[in-house]
S.K.: 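The structure follows.
If you're wondering where the values come from, they're calculated on a predicted model, not measured in any experiment. As the structure lists them, so they are numbered: ligands from 1, and atoms in each ligand from 1.
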Amino acid sequence: MTEKTHAYAAHAAKAPLKAFSFTRRAPGPNDVVIDIAFCGICHSDVHQVRDEWGKGTFPMVPGHEIVGSVVAVGDKVQKFKVKDQVGVGCMVDSCKKCRACSDHEEQFCLDGATMTYGSEDKHGEGPTYGGYSTRIVVTEDFVLRLPQNLDLAATAPLLCAGITTYSPLSRFGVTKGQKVAVLGLGGLGHMGVKIARAMGAHVTVLTHSEHKREDAKRLGANEVVVTRDPDALAPLAETFDFILDTVSAKHDYQMYLGLLRYGGAMVLVGLPDAPSEFHAGSLVPKRRILAGSLIGGIKETQEMLDFCSEHNIVSDIELIGASSINDAMDRMVRGEVKYRFVLDCASLAQA
Ligand code: NAP
Ligand code: ZN
Ligand code: ZN
């Protein structure tokens, strides 16, 4: 069980990722050993390997949209057995005792959740290593059961992009007949469109990319508005119940707050590296809400997977091998992804 794990790592901020190998911990009684089949490439991976959020630890093995199959389980594992298809998202552990953990919101663990990569590993030395690798060992409470009816590679992005969009849509009670705008049609945005439609909402995509118009419709949008032309937004003033902002680069929040009806909410999930200003006057007179949202807890992630199973929702993916990772990240920054790159982890063993 302790053979070499093949991976791709960034060895310094902004350095291209290259082949790397290390050894995963020997499984403890509560651990599940997973051979990773596929791992999605999230824009958060790009932000972190380029150290755009600071505090990056290198070498860094990114990847937190992990799917694969169980190859061994510890003595005390109850929920999983060998050959089960499972997933791992952005977290691999938490204190399990604090108020947030008791509320099933482990992402807010007061002790600091152990993120899938770049966190201090409580079970070993050094940082945690993520899913751009062939194997991972995770305590069973942070392992997700995958639906049987969905394509495995296209399920991987649900583990971050899926839960990050499902959680705020669900928490803010998006439902049939509501008008929802999804800002930014990338990995998160395209999942947001599919999930909001499945919840019954009327969905408008707000994109700065003219060439995504047709795709947005194909993905389920009822309407598409290209935001490069500010006049195009004027007719949308005060029309939306909810706006999901998935944009990865600095942009003007105020421009979009005016599109909310009174009492409507705009939730930020995109995490640009630079701050942006807005005026209190774009919120106060209409009692609008501006909020943020971070992934989702493990219980809610399982709920999202079951929701996607019921509604047949997966990501639109482009499958790549290890040698294309750096190019894929560049293409993502240029907005050339349709709509999530997924790494075939078998290719890491040959790299
Ligand atoms: P992505 O696939 O690269 O999509 C980002 C989208 O933002 C692009 O497709 C583009 O959409 C839009 N965009 C990019 N640059 C822009 C610019 N200069 N001006 C206006 N729009 C621009 O990224 P992702 O993986 O979906 O991630 C999106 C963001 O969410 C990232 O910041 C990521 O770190 C963050 N994230 C947050 C969480 C959380 O828990 N809150 C979880 C995962 C990711 P259009 O071409 O349609 O305009
Ligand atoms: Zn992510
Ligand atoms: Zn906790």
S.K.: Is the Phe22-Tyr129 ring centre distance short of 6.0 angstrom?
M.R.: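 For Phe22 and Tyr129, the ring centres are under 6.0 Å apart.
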
S.K.: Taking the six-membered ring for Trp, are Tyr253 and Phe278 closer than 6.0 Å centroid to centroid?
M.R.: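 Judged by ring-centre distance (under 6.0 Å), Tyr253 and Phe278 do not meet the cut-off.
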
S.K.: For atom 44 (C) of ligand 1, which of Cys90, Gly296, Ser44 has the closest heavy atom?
M.R.: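 Looking at heavy atoms only, the winner is Ser44.
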
S.K.: Nearest non-hydrogen atom to atom 19 (N) of ligand 1 belongs to which of His43, His211, His208, Arg340?
M.R.: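 Considering heavy atoms of His43, His211, His208, Arg340, the nearest to atom 19 (N) of ligand 1 sits in His208.
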
S.K.: So for ligand 1, is Leu185 a polar contact partner (N or O within less than 3.5 Å, distance only)?
M.R.: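 There is such a contact, yes.
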
S.K.: Report yes if some heavy atom in the side chain of Leu185 is under 4.5 Å from a heavy atom in the side chain of Leu219; otherwise report no.
M.R.: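 Side-chain contact under 4.5 Å: yes.
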
S.K.: Does the side chain of His190 pick up a donor-acceptor pair with the side chain of Ser315 at under 3.5 Å?
M.R.: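 Present: a donor and an acceptor within the cut-off.
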
S.K.: Taking N or O atoms only and a 3.5 Å limit, does Leu206 qualify as a polar contact for ligand 1?
M.R.: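 By distance alone, the answer is no.
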
S.K.: Give a yes-or-no answer on whether the side chains of His202 and Glu223 include a donor-acceptor pair shorter than 3.5 Å.
M.R.: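 The criterion, which ignores hydrogens and geometry beyond distance, is satisfied for Glu223 and His202.
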
S.K.: Do Glu318 and Tyr339 meet the criterion of a side-chain donor-acceptor pair at a distance under 3.5 Å?
M.R.: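 Note: Glu318 and Tyr339 side chains miss the donor-acceptor criterion.
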
S.K.: Could you list the atoms of ligand 1 found under 4.0 angstrom from a heavy atom of Gly270?
M.R.: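 What qualifies from ligand 1 is 29 (C), 30 (O), 32 (O), 35 (C).
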
S.K.: Just to confirm my output: which protein heavy-atom neighbour is closest to atom 28 (C) of ligand 1, and how far is it?
M.R.: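 Heavy-atom neighbour on the protein nearest atom 28 (C) of ligand 1: Thr246 O, 3.0 Å.
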
S.K.: With only distance considered, is Pro272 within less than 3.5 Å of ligand 1 through an N or O on each side?
M.R.: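 No.
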
S.K.: Can you tell me if Gly335 has a non-hydrogen atom under 4.0 Å from ligand 1?
M.R.: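 False for this residue.
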
S.K.: Once rounded to 10°, what is the value of the angle centred on the Zn ion (ligand 3) between Cys109 SG and Cys98 SG?
M.R.: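 Taking the Zn ion (ligand 3) as the apex, the two atoms subtend 120°.
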
S.K.: Any idea which atoms of ligand 1 are less than 4.0 Å away from a heavy-atom of Ala249?
M.R.: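 Close to Ala249: 15 (N), 16 (C), 17 (C), 18 (N).
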
S.K.: Can you label the angle between the His47 ring and the His43 ring as parallel, tilted or perpendicular, going by 30° and 60°?
M.R.: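 Geometry flag for His43 against His47: tilted rings.
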
S.K.: Which atoms of ligand 1 are found less than 4.0 Å from any heavy atom of Thr207?
M.R.: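 The list of qualifying atoms is 45 (P), 46 (O), 47 (O), 48 (O).
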
S.K.: What's the shortest distance from atom 9 (O) of ligand 1 to any protein heavy atom, and which residue and atom give it?
M.R.: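 Going by distance alone, atom 9 (O) of ligand 1 is nearest to Lys212 NZ, 3.1 Å.
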
S.K.: Output all residues satisfying salt bridge (Lys or Arg N to Asp or Glu O under 4.0 Å) with Asp51, sequence neighbours left out; order by chain, then residue number.
M.R.: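 Counting only residues at least two positions away or on another chain, Asp51 forms no salt bridge (Lys or Arg N to Asp or Glu O under 4.0 Å).
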
S.K.: Does any N/O atom on Tyr339 come nearer than 3.5 Å to any N/O atom on ligand 1?
M.R.: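 No; every N/O pair is 3.5 Å or more apart.
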
S.K.: What's the shortest distance from atom 14 (C) of ligand 1 to any protein heavy atom, and which residue and atom give it?
M.R.: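 For atom 14 (C) of ligand 1, the nearest protein heavy atom is Ser248 OG, 3.5 Å.
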
S.K.: Starting from Leu169, can I reach Val247 by hopping between I/L/V/M/F/W/Y residues whose side chains sit under 4.5 Å apart?
M.R.: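 As far as the 4.5 Å side-chain criterion goes, Leu169 and Val247 are not connected within one cluster.
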
S.K.: Under 3.5 Å, is there a donor-acceptor pair between the Thr207 and Arg213 side chains?
M.R.: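 No, no side-chain donor-acceptor pair sits under 3.5 Å.
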
S.K.: Quick one: which ligand 1 atoms are inside 4.0 Å of a heavy atom on Trp53?
M.R.: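 It comes down to these atoms of ligand 1: 34 (O).
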
S.K.: Quick check, are the ring centers of Phe20 and His11 under 6.0 angstrom apart?
M.R.: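 Judged by ring-centre distance (under 6.0 Å), Phe20 and His11 do meet the cut-off.
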
S.K.: Can you tell me, to 10 degrees, how wide the angle at the Zn ion (ligand 2) is between NE2 on His64 and SG on Cys160?
M.R.: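 The two atoms form an angle at the metal of about 110°.
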
S.K.: Under 2.8 Å from the Zn ion (ligand 2), is there an N/O/S atom belonging to Cys90?
M.R.: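 Checking the Zn ion (ligand 2) against Cys90, no N, O or S atom falls under 2.8 Å.
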
S.K.: List the closest protein heavy-atom neighbour of atom 37 (C) of ligand 1: residue, atom name, distance to the nearest 0.1 Å.
M.R.: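 The answer is Val269 O, 2.9 Å.
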
S.K.: Quick one, Met91 and Gln107 - any side-chain contact, counting heavy atoms below 4.5 Å?
M.R.: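 A side-chain contact exists here, since the closest heavy-atom pair is under 4.5 Å.
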
S.K.: Answer yes if the side chains of Ser282 and Arg288 hold a donor-acceptor pair under 3.5 Å, and no otherwise.
M.R.: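 No, no side-chain donor-acceptor pair sits under 3.5 Å.
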
S.K.: Among all protein heavy atoms, pick out the one at the shortest distance from atom 32 (O) of ligand 1; state its residue, atom name and that distance to 0.1 Å.
M.R.: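 Closest protein heavy atom to atom 32 (O) of ligand 1: His47 NE2, 2.8 Å.
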
S.K.: Considering only heavy atoms of Thr164, which atoms of ligand 1 have at least one such atom less than 4.0 Å away?
M.R.: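 Those of ligand 1 that fall under 4.0 Å from Thr164 are 38 (C), 39 (C), 40 (O), 41 (N), 42 (C).
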
S.K.: Considering only heavy atoms of Met332, which atoms of ligand 1 have at least one such atom less than 4.0 Å away?
M.R.: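 Under 4.0 Å from Met332, ligand 1 has these atoms: 2 (O), 3 (O), 25 (O).
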
S.K.: Do NZ/NE/NH1/NH2 and the carboxylate oxygens of Arg50 and Glu52 come within less than 4.0 Å?
M.R.: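 No, no charged N to carboxylate O under 4.0 Å.
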
S.K.: Please determine, by modelled atom types, if Glu300 and Gln302 share a side-chain donor-acceptor pair under 3.5 angstrom.
M.R.: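 Glu300 vs Gln302: no donor-acceptor pair found between side chains.
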
S.K.: Verify whether one side chain among His123 and Asp93 offers a donor that lies under 3.5 Å from an acceptor in the other.
M.R.: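 Distance-only check passes for His123 and Asp93.
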
S.K.: Counting non-hydrogen protein atoms only, what is the nearest one to atom 2 (O) of ligand 1? Give residue, atom name and distance.
M.R.: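 For atom 2 (O) of ligand 1, the nearest protein heavy atom is Gly187 N, 2.8 Å.
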
S.K.: List the closest protein heavy-atom neighbour of atom 4 (O) of ligand 1: residue, atom name, distance to the nearest 0.1 Å.
M.R.: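 Among all protein heavy atoms, the one nearest atom 4 (O) of ligand 1 is Gly186 CA, 3.4 Å.
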
S.K.: I'd like to check which ligand 1 atoms, numbered from 1 as shown, lie under 4.0 Å from a non-hydrogen atom of Cys160.
M.R.: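 Going through ligand 1 atom by atom, the ones under 4.0 Å from Cys160 are 42 (C), 43 (C).
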
S.K.: Considering the heavy atoms of Ile295, write down every atom of ligand 1 situated less than 4.0 Å from one of them.
M.R.: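 It comes down to these atoms of ligand 1: 39 (C), 40 (O).
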
S.K.: Which residue holds the protein heavy atom closest to atom 26 (O) of ligand 1, what is that atom called, and what is the gap in Å?
M.R.: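 The closest one turns out to be Leu188 N, 2.8 Å.
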
S.K.: Nearest heavy atom to atom 41 (N) of ligand 1 wins, so pick from Ser293, Gly184, Ala216.
M.R.: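 Answer by nearest heavy atom: Ser293.
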
